[in-house]
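As a basis for the values below, the full set of heavy atoms in this structure was taken, side chains included, without hydrogen atoms, waters or symmetry mates. Chain identifiers are assigned alphabetically (A, B, ...) following the order of the sequence lines, protein sequences preceding nucleic acid strands; residue numbering begins at 1 within each chain.
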Amino acid sequence: MRFIPSIMIICCIGIVSSMTACVTATVQEVREANTGMSSNDSIVVLGRRHRPTPAETELDFVACVSKKMSKGSQGVKVIGEQEFMDAMFPWFEPRTAPVYTSDLPEIMSQPALAKRLEEIGLRYLVWIDGNTQRTESSGSMTCSITMAGAGCFGFLSWENDSSYEASIWDVKTGSAVGKVSSDATGTSYMPAIVVPVPLIARVKAQACNTLAGQLVNFLVDES
Amino acid sequence: MTMPRMTMKACIGLLLAATLSACSGGATIEVPTQFPVPLVQPLPLTIGLHLDKSLTEYVHKEAIEARGNWRIILGPAQKPMFDSLLQGLFTGVEFVDDPLAPNDGIAGVLHPSIEELQFSTPQQTHTEYFEVWIKYKFILYDNNGVALGDWELTAYGKANEGNYGMKSKEPALQAAAFAACRDAMAFFTLEFQKVPTVKNWLQSALKEGRT
């Protein structure tokens, strides 16, 4: 009989964790040139870190896009951001990274760098700009702990807004081939009567999924 | 009944202690010691590297009012950092104890030192960033122990505390200090040949075919 409350708690946690609030996501692309990848080609996804950037792209978002792009039936070969920066050091550091495609030829004129890029088969550089911000929050919640127990009461809600843009550079031609942008918004809720029940809108995760999916389509489709 | 009560008291005590420790300021971090080797065409010279204790044991200590005591342990990272840097830039690197002693086996000796380190916390700047500035000074000696000149380099590193979860203070400051070290390496790699002292020294060293 002692197992019943434990099972109930586990069930409740399971149900609550599976409940999420709604997210609205849109994705757009602008194509400037033809793309396509062979089996030996690889790509790297990099966050913009040069100064001054008041809101740089989160490390976990860049890692998420890289991971999602390498998974699935259409998955492409993706080099990790840190691994790439170490292998290409110091050419993609915040101080030295190319800001415009017109900066690429100068960097590519470094024989050691050009050789390394060829070795790893890098075909596309994907630069990500943007981040996720909390745009609105309201409500209040009070929690207290006493000898008799602990509990919370109240209601919280907050809105998150993700806005990311990926610029795709073709390393072979030294030109920009297009842009893919992903925007997502969603409101999370947390009502609490003794136990807070979070209904989280997974805005950043949704933006990551849509951006990664669209990027793969953009690069793999030979159009 | 006493056991659950005691457990509850212990839990509350632990919770309070955790809250207090999270709220208390200050941190001690040590900069990682793994650095990449610059990807450039190395100069066909062997350079001497003199690192004194003031550099290899460098610790920045700062007390910030109402924010506690902060310590950035930078010294242990300096040897691997300069070793990796010069391994990429020259075909040979040799550690030397005395930069003033003549040495025919090398083309010259580089003596780096830290002039100043500054850092800022997100609370101070009202941003999400820990920022670190390191001002290095370099003295270049020829292989006869004659000081040819010196120059300074200011490196900068930042890290967004939002990238490091709930306990972001230590990892974010560490990342900012590490980024400043990498920035120093990147800046040195791209700019050192443009420093007039280095330019003149390189011209004569390469002309004379010093090793």
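Relative orientation of the B/H111 and B/H50 rings is perpendicular, given thresholds of 30° and 60° on the angle between their planes.
Only the side chain of A/E93 comes within contact range of chain B, with at least one heavy atom under 4.5 Å from a heavy atom of that chain. Heavy atoms of B/A155 lying under 4.5 Å from chain A belong exclusively to its backbone. Heavy atoms closer than 4.5 Å to chain A are found nowhere in B/T127, neither backbone nor side chain. Heavy atoms closer than 4.5 Å to chain A are found nowhere in B/F35, neither backbone nor side chain.
Of the inter-residue distances, the one linking B/E131 atom CD with B/S120 atom OG reads 4.0 Å to the nearest 0.5 angstrom.
Ring to ring, B/F188 and B/Y136 are not that close: their centroids are 6.0 angstrom or more apart. Ring centroid separation for the pair B/W133 and B/F119 does not come in under the 6.0 Å cut-off.
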